[in-house]
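One structure is given below, encoded as structure tokens.
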Amino acid sequence: MAARQGLARRDFLRSAAGLAGAGMIAATPGLRPLRGLETSRRPKTLVVTFGGGARDEETFAPEGQENIPHLLNDLLPRGTFFTQVVNHGILGHYVATASLATGAYETLNNFALAAPQNPTVFEYFRRDLGRPAQDAWVVAPSNGFNRIGSSDHRKYGEPWGAEVLLPKQMLAAAMGAKSSLDYEHLLQDNYESPLTVSTSTATAEDLYRTAELLKLSYSDFSAHAKSLSSPDELSVFIVHRLMQQLAPSLLWVTLHDIDIAHSGAFSLYLDGIRRSDRLCAELWSMVEADPEYKGRTTMYILPDFGRDSDVDAGGNGFQHHRTGDALSRTTWMLVLGPGVRQNVIVDRPVDSLDLVPTLGARLGFSTPFARGRVLSEVA
Ligand SMILES: [Zn+2]
């Protein structure tokens, strides 16, 4: 079933505008990519994950392609696309994203403020390469992601972790005593289950320090936030600030708007898909427009997992991801950047855990506790 899904995705792409025929080749494992663009400057990495994936019916299938024009026409032709990325872990967003970040299936409680058990990619990166704290950042959608920057692992842990930014938490603090009504659309948290996590996990000093680092006054920030239509737009705004002010080498952003599907509103789910599609293209445009990033940045785009099919009696279609069936586990990944072959589709099944070892292989750090395998097509 998972294999069929991946192959169907490949076929959809073959029929999509802009990707038909010309230049598209199927990659074979072991083939080395070109490395024509090596520079003396440090490589940059931007990982974009989606919390709450979308189904092919609303994306890659012919009837869904109108929702993802940027992915199909702007980004896919520039990168290597894996049609079959299978998540064998727990289908909750925090635990699944933590698993993507450690390269091992985490078993932590999805709804608790727990650190991953295995070292994160941020710890491997910073420890092996001797990078300072401000070189690795996570921008995450909700308070539940507070601990994703570092594990409890005794050989690694917090001294080597990433800085975690929760834009909604910053906004809540920036608003202070002011009415939150103007920003309610940006402060919705966790569509999946009521998770009550106090925002007091970050101190006022932490937030002040972050705002200073980003050269963001509270009044400017809240004024700008007011013009934004969604939490993901707020996250992308913060990512842009991070790039401009600190130019970190390893930047991880988790988008979450699509997961509004849990509300059962199909139109809002589609809006989330279209917005995510546009924001991915905007992120790549930010990379291309910034001399610190242009030509040396590899971007990885992948949903954490899928959503339920319409036919599974145990589910409720697009709304949730509770059945654990093949569709809710099979997703995809797009990789683009220097040395990554363009307009290439990889059909073989790969694992969600393969991301971290692949990042290690590309950037030159070891990932001893990750269980995945290096994706030779892009490493
Ligand atoms: Zn969800």
Side-chain angles (χ1 to χ4, degrees), residues 5 47-60 64 67-68 85-101 105-114 116 138-148 166-168 185-197 230-235 252-277 279-280 301-310 312 314-333 352 355:
Q5 185 66 11
V47 179
V48 184
T49 70
F50 294 87
R55 311 180 308 174
D56 277 352
E57 291 98 307
E58 289 84 46
T59 54
F60 292 102
N67 297 318
I68 54 166
V85 180
V86 184
N87 184 322
H88 298 279
I90 301 171
L91 304 186
H93 298 296
Y94 174 53
V95 65
T97 309
S99 303
L100 287 177
Y105 285 118
E106 296 290 323
T107 54
L108 51 84
N109 177 354
N110 189 55
F111 300 111
L113 275 185
V138 178
V139 176
S142 69
N143 292 322
F145 284 68
N146 210 313
R147 301 288 307 276
I148 201 165
L166 307 171
K168 287 181 211 173
H185 64 296
L186 296 179
L187 294 172
Q188 289 173 307
D189 210 20
N190 204 310
Y191 305 114
E192 194 161 81
S193 168
L195 174 66
T196 43
V197 177
S230 85
D232 284 353
E233 301 224 46
L234 184 65
S235 293
W252 180 300
V253 56
T254 293
L255 303 178
H256 211 67
D257 283 358
I258 292 176
D259 215 38
I260 201 165
H262 287 297
S263 72
F266 190 72
S267 63
L268 294 180
Y269 162 60
L270 285 188
D271 285 350
I273 293 170
R274 292 181 183 135
R275 191 178 306 113
S276 305
D277 175 67
L279 290 174
C280 284
I301 305 174
L302 68 163
D304 52 5
F305 45 79
R307 307 197 83 83
D308 293 337
S309 70
D310 286 329
D312 194 313
N316 196 18
F318 75 95
Q319 192 172 357
H320 301 301
H321 37 78
R322 58 166 65 132
T323 62
D325 68 0
L327 283 185
S328 63
R329 296 191 173 280
T330 309
T331 177
W332 50 268
M333 179 167 72
S352 292
L355 175 66

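Counting starts at 1 for both ligands and their atoms, in listed order.
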Practice prompt. Verify the distance test for H93 against the Zn ion (ligand 1): any N/O/S atom under 2.8 Å, yes or no.
Written response: yes

Item to complete: Quick one: the OD2 of D259, the Zn ion (ligand 1), NE2 of H321 angle, rounded to 10°, please.
Response: 170°

Practice prompt. Please report the closest heavy-atom contact between H256 and D232, naming both atoms and the distance.
Written response: N-OD1, 2.8 Å

Practice prompt. Given side-chain contact (heavy atoms from CB on, under 4.5 Å), test E57 with F318 step by step and report yes or no.
Written response: CA-CA 9 Å; E57 291 98 307; F318 75 95; over 6 Å; no

Worksheet item: Can you name the side-chain contact (heavy atoms from CB on, under 4.5 Å) partners of P167, sequence neighbours left out?
Response: V139, L234, S235, I238

Practice prompt. Among the N/O/S atoms of H262, select the one at the shortest distance from the Zn ion (ligand 1) and name it.
Written response: NE2

Item to complete: Taking Y94 for its side chain and A114 for its backbone only, find out whether a donor-acceptor pair lies under 3.5 Å.
Response: yes

